[in-house]
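To start, the structure itself, in structure tokens.
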Amino acid sequence: MATYYDIPVGAQHISLLEPLHFKLTTDNEKIVDVEANVGYVHRGIEKACTTKFKFRQVSFVVGRICGLCSVSHTTAYSQLAEKLLNLEIPLRAKYLRILVLELDRIHSHMLCLSHVAENSGFEALFMRTMKDREISMELLEAVCGNRVQYDYSIVGGVARDLRPEVAQMVLKRLKELRPKVDDLIDIFQNNWSLSLKNKGIGAISREDAMRLNAVGPLARAAGVPVDVRNDTEDLLPWKQVGFEMVLENGGDVHARNMVRLKELLVSMKIIENVIQGLPEGPVVAETKALPEGEAVVRLEAPRGELFHYAKGNKTQYLERLKVKAPTFSNIPAFVEMFKGNEYASAPAIIASYDPCLSCTAR
Amino acid sequence: MKRIDLPLDRVVDEIGKFYQFDRHHFIVMNAVDLGDSIELQWFFSDYAAPGEVTMFAAKTDASHIIPSITRVVPSAWVAEAELVDLMGINIENAKKGFVLEEDFEGAPLRKKQ
């Protein structure tokens with residue numbers, strides 16, 4: 001007769017960066033059931049955005065939802081407010097939003113990859129990936145003025161223009177980053193030790209990923225063609241600047257690594273195209289209108305589809321703001337990914353999921 | 001955004017007729033406190049029609065038991081559990097205590113409690 005063990009992982013655990021709790025039920029070493037608890041850091045941000053802050057201030061508040069994808073929240077909200085105000089922003093501001101979104105994606109993906117390496121027992125690769133990631137952090141600081149919480153997108157455009165010397169610095173540093181990323185792809189693709197911890201581990205099929213409405217690299221690694229950058233040309237000119245969707249078929253930790261690594265190359269290409277084709281003109285559009293009606297915005301954050309809904313009532317305060325983070329959408333798929341795997345594989349699976357509880361609980 | 005208004009008792013059937021897991025992506029469920037009632041919203045995108053978002057909307061009273069769509073969209077349990085905590089509504093089979101403590105009293109996103 002099988003003996004089942006309930007093993008708690010988190011809310012504070014060596015393999016978790018986030019306050020997330022799992023109850024893993026195991027049959028000997030094999031995980032047979034999972035319960036997830038994500039409710040440790042609810043901060044009431046949606047409520048605050050409709051009661052404490054005026055609609056123009058909200059872009060700065062939603063930027064505090066997350067330290068990793070802050071610019072995704074500020075951009076999604078700014079686009080939402082612009083829809084409610086019926087405000088068209090300058091093309092230069094759209095290009096600059098893309099620039100910072102892609103720099104942000106580079107640092108976020110590299111953070112995830114480094115933690116997958118660490119949780120797979122490859123400490124040296126963790127340190128190397130984090131060291132290479134530093135280039136993207138320096139560039140974010142140069143472009144936005146901050147390493148985190150950039151407050152770059154604002155209602156009507158962006159908060160600061162790109163100076164020509166900074167643009168040249170971005171191109172130069174990306175040239176330095178490219179061979180480093182090529183080396184990382186080689187290691188993640190071919191290292192034998194890493195393959196034992198990543199290949200065939202934490203796999204989800206294409207059908208399950210679709211059935212459970214997975215988003216982001218997790219879905220694309222299973223072959224689901226879902227990337228909001230492909231759907232929202234009306235808001236930002238993604239295809240003009242060279243966006244291409246990256247898909248893998250394995251659905252496992254290794255496939256998720258490969259999607260993120262290849263997306264680094266796509267992001268670098270997009271940034272180069274943005275700088276080379278940056279239109280002249282202002283970076284912000286002004287209006288004295290007040291938000292009216294309801295609207296939604298979807299934006300591809302580093303972890304997948306970010307969704308903002310707002311309802312305005314022609315006052316300075318919104319009637320309702322709803323934020324749905326990609327980690328939130330991926331919880332059902334994530335729970336399934338554990339099942340059938342060895343308990344020892346749980347840390348690598350968790351890291352490859354790239355959870356963000358700050359975004360999820362808000 | 002395409003908006004489809006429905007009476008609450010038809011929501012599960014209509015979403016069931018509309019939703020195909022290999023064609024539609026369930027985004028999230030939302031609720032808006034309108035003062036005298038609560039508007040429930042279910043958002044979907046379409047893999048085949050980039051950029052298109054469909055919203056099903058139904059009004060309800062906070063005391064009603066709201067039918068769950070998990071029988072047609074299994075992954076919706078997460079969004080339903082969140083709204084039970086934050087909006088203080090009752091959804092069929094949805095558990096309390098997902099984003100707040102189980103014994104938390106009140107509903108933070110309601111205007112008047």
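All figures in this text were calculated on a predicted structure; none of them were measured in a lab.
- B/V53 touches chain A through its side chain: at least one heavy atom from C-beta onward sits under 4.5 Å away, while N, CA, C and O do not.
- Residue B/F26 touches chain A through both its backbone and its side chain, counting heavy-atom pairs closer than 4.5 Å.
- Here B/E82 is the residue among B/E82, B/M1, B/E52 with the most heavy-atom pairs under 4.5 Å with chain A.
- At a 4.5 Å heavy-atom cutoff, the contact between A/V224 and chain B is made by side-chain atoms alone.
- Looking at B/A31, only its backbone comes within 4.5 Å of chain A, counting heavy atoms on both sides.
- Contacts of B/Y19 with chain A are made by side-chain atoms alone, with heavy-atom separations under 4.5 Å and no backbone atom involved.
- Residue A/A333 does not touch chain B at all, counting heavy-atom pairs closer than 4.5 Å.
- Within the 4.5 angstrom heavy-atom criterion, no atom of A/T232 approaches chain B.
- Contact count versus chain A (heavy atoms, under 4.5 Å) is highest, among B/R3, B/Q41, B/H24, B/H25, for B/H25.
- With chain B as the partner, the residue from A/K311, A/R206, A/E207 showing the most heavy-atom pairs under 4.5 Å is A/E207.
- Contact count against chain A (heavy-atom pairs under 4.5 Å) is highest for B/S45 among B/A49, B/P74, B/S45.
- Classification of B/E102 and B/K95 as a salt-bridged pair fails, no side-chain N sitting under 4.0 Å from a carboxylate O.
- In this structure, the portion of A/F307 lying under 4.5 Å from any heavy atom of chain B is its side chain and not its backbone.
- When only modelled atom types and interatomic distance are considered, B/S68 and B/N93 share no side-chain donor-acceptor pair under 3.5 Å.
- The choice from B/V99, B/D85, B/V78 that makes the most heavy-atom pairs within less than 4.5 Å of chain A is B/V78.
- In this structure, the portions of A/R211 lying under 4.5 Å from any heavy atom of chain B include both its backbone and its side chain.
- Looking at A/V215, the atoms closer than 4.5 Å to chain B (heavy atoms on both sides) all sit in the side chain, from C-beta outward.
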